[in-house]
Amino acid sequence: FKMRNHGKSMRYSFLSLIENPCNFETLNFLREYLKQNMKFSLKLKLFDEFKNTLGFRFKNLPELKYIIAGIIILFFVGIKDDILIIAPLTKLMGQIFAALIIVIFADLQITHLHGFFGIMEISPYLGIPLSVFVFLVVINGFNLIDGIDGLSASIGVVVAGSLGVWFFLVQEYQYVILSVSVMGALFGFLRFNVFSKKNKIFMGDTGSLILGLLISVLIIKFNQMNID
């Protein structure tokens with residue numbers, strides 16, 4: 001087998017090790033080689049155990065790839081609006097496009113109103129535009145209240161935390177992880193947005209749009225999980 005040390009290649013055979021077991025240079029190479037490979041194997045083992053413990057797989061959350069797609073769209077819309085102001089209509093079209101990807105392809109849409117205005121189950125022809133409307137309201141709601149330090153992040157923590165507890169109680173652990181991830185990101189943000197005087201950071205349109213999208217996903221999933 002082949003080993004490298006400081007850019008120089010050297011070849012060793014097991015026969016040479018048997019013939020000269022006191023070759024300290026060879027033994028040092030072997031030790032470093034085994035150490036690196038054992039560390040890599042240990043990391044893979046720990047990662048596999050972590051995944052097995054959480055039971056988190058893409059097959060358990062097939063809509064995740066569409067949620068990520070929506071996040072990417074709003075990320076570029078938001079970052080362009082933060083750097084170069086874009087037209088409100090362009091911003092709205094980006095939000096509608098991101099919402100449609102999640103509503104249609106991820107099948108995260110409102111199909112039941114639980115007796116609101118006496119309406120129970122609704123058809124997809126009404127559910128899809130209603131779901132997109134909910135996305136737009138929540139996304140722009142978080143975007144509008146972002147002007148006050150810590151307000152949108154604090155509300156996001158409360159909503160994500162409350163829904164995360166409920167998802168835990170009904171054993172929807174994939175959405176528990178999503179809720180906790182949102183909370184963790186917001187706690188880190190609040191540390192520098194509210195409580196730091198020297199190093200202030202702001203959410204901007206990029207953060208508020210993505211936060212609104214994730215909260216919308218949790219809300220619609222919560223609504224659908226409560227259908228008898």
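Quick caveat: nothing in here was measured; it's all calculated off a predicted structure. Only heavy atoms go into these numbers, but all of them, side chains included; no hydrogens, no water, no symmetry mates.
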Take Leu190 and Ser154 through the side chain to side chain contact (heavy atoms under 4.5 Å, CB included) test and state the conclusion after the steps.
CA-CA 8 Å; Leu190 286 170; Ser154 300; 4.1 Å; yes

Output, in order, the C-alpha distance, side-chain angles, deciding distance and verdict of side chain to side chain contact (heavy atoms under 4.5 Å, CB included) for Tyr173 and Phe167.
CA-CA 7 Å; Tyr173 298 119; Phe167 286 130; over 6 Å; no

Pair Val77, Leu209 - check side chain to side chain contact (heavy atoms under 4.5 Å, CB included), show working.
CA-CA 9 Å; Val77 170; Leu209 294 179; 4.3 Å; yes

Run the side chain to side chain contact (heavy atoms under 4.5 Å, CB included) test on Ile68 and Leu64 for me, step by step, so that the C-alpha distance in whole Å, both residues' side-chain angles and the decisive distance to 0.1 Å come before the verdict.
CA-CA 6 Å; Ile68 293 175; Leu64 180 61; 4.0 Å; yes

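In this structure, the side chain of Asn143 does not engage the main chain of Ser208 through any donor-acceptor pair within 3.5 Å. Asn140 places a side-chain N or O within donor-acceptor distance of the main-chain N or O of Leu136, the cut-off being under 3.5 Å. Judged by distance alone, with hydrogens and angles left aside, the side-chain atoms of Asp81 form no donor-acceptor pair with the main-chain N or O of Lys91 at under 3.5 Å. Within the 3.5 Å criterion, the main-chain N or O of Ile104 finds no donor-acceptor partner in the side chain of Gln109. Within the 3.5 Å criterion, the main-chain N or O of Gly204 finds a donor-acceptor partner in the side chain of Asp146. No side-chain donor-acceptor contact under 3.5 Å links Asp205 to the backbone of Asp82. Listed for the Glu63 side chain is no donor-acceptor partner under 3.5 Å among the backbone atoms of Ile102.
Ile148 and Leu211 fall within the same hydrophobic cluster, defined by Ile, Leu, Val, Met, Phe, Trp and Tyr side-chain heavy atoms under 4.5 Å apart, directly or through other members. No path of Ile, Leu, Val, Met, Phe, Trp and Tyr side chains, each step under 4.5 Å between heavy atoms, connects Met225 with Met120, placing them in separate hydrophobic clusters. When the side chains of ILVMFWY residues are joined at heavy-atom separations under 4.5 Å, either directly or via intervening members, Leu108 and Ile72 end up in a single hydrophobic cluster. Follow the hydrophobic side-chain contacts under 4.5 Å out from Leu144 and you never reach Leu186; the two are in separate clusters.
In this structure, Ser131 and Val103 approach most closely via the heavy-atom pair CB-CG2, 3.8 Å. Across Gly70 and Leu213, no two heavy atoms sit closer than the pair C-CD2, 3.6 Å. The minimum heavy-atom distance between Leu214 and Ile71, with the atom names listed, is CD2-CD1, 3.7 Å. For the residue pair Ile101 and Tyr66, the shortest heavy atom distance occurs at CG2-O, 4.0 Å. Annotation for Phe142 and Gly156: closest pair CE2-N, 3.9 Å, computed over non-hydrogen atoms. Taking both residues in full, the closest heavy atoms of Met183 and Ala160 are given as CG-CB, 3.8 Å, listed atom of the first, atom of the second, then distance.
To the nearest 0.5 Å, atom CD1 of residue Ile122 and atom CG of residue Leu130 are 5.0 Å apart. Expressed to the nearest 0.5 Å, how far CD1 of Ile145 lies from CG of Leu151 amounts to 4.5 Å. For the atom pair CG of Leu74 and CZ of Phe97, the computed distance is 11.0 Å after rounding to the nearest 0.5 Å. Here Leu113 contributes atom CG and Leu126 contributes atom CG; the two are 7.0 Å apart, rounded to the nearest 0.5 Å. The CE atom of Met203 lies 10.0 Å from the CD1 atom of Ile210; values are rounded to the nearest 0.5 Å. Once rounded to the nearest 0.5 Å, the distance linking CD1 of Ile73 with CE of Met93 reads 11.5 Å.
In this structure, Leu169 places its CG atom where more than 12 heavy-atom neighbours from other residues, nucleotides or ligands lie under 6.0 Å away. No more than 12 heavy-atom neighbours from other residues, nucleotides or ligands sit within 6.0 angstrom of CZ on Phe105.
Using cut-offs of 30° and 60° for the angle between ring planes, the Trp166 and Phe222 rings count as perpendicular.
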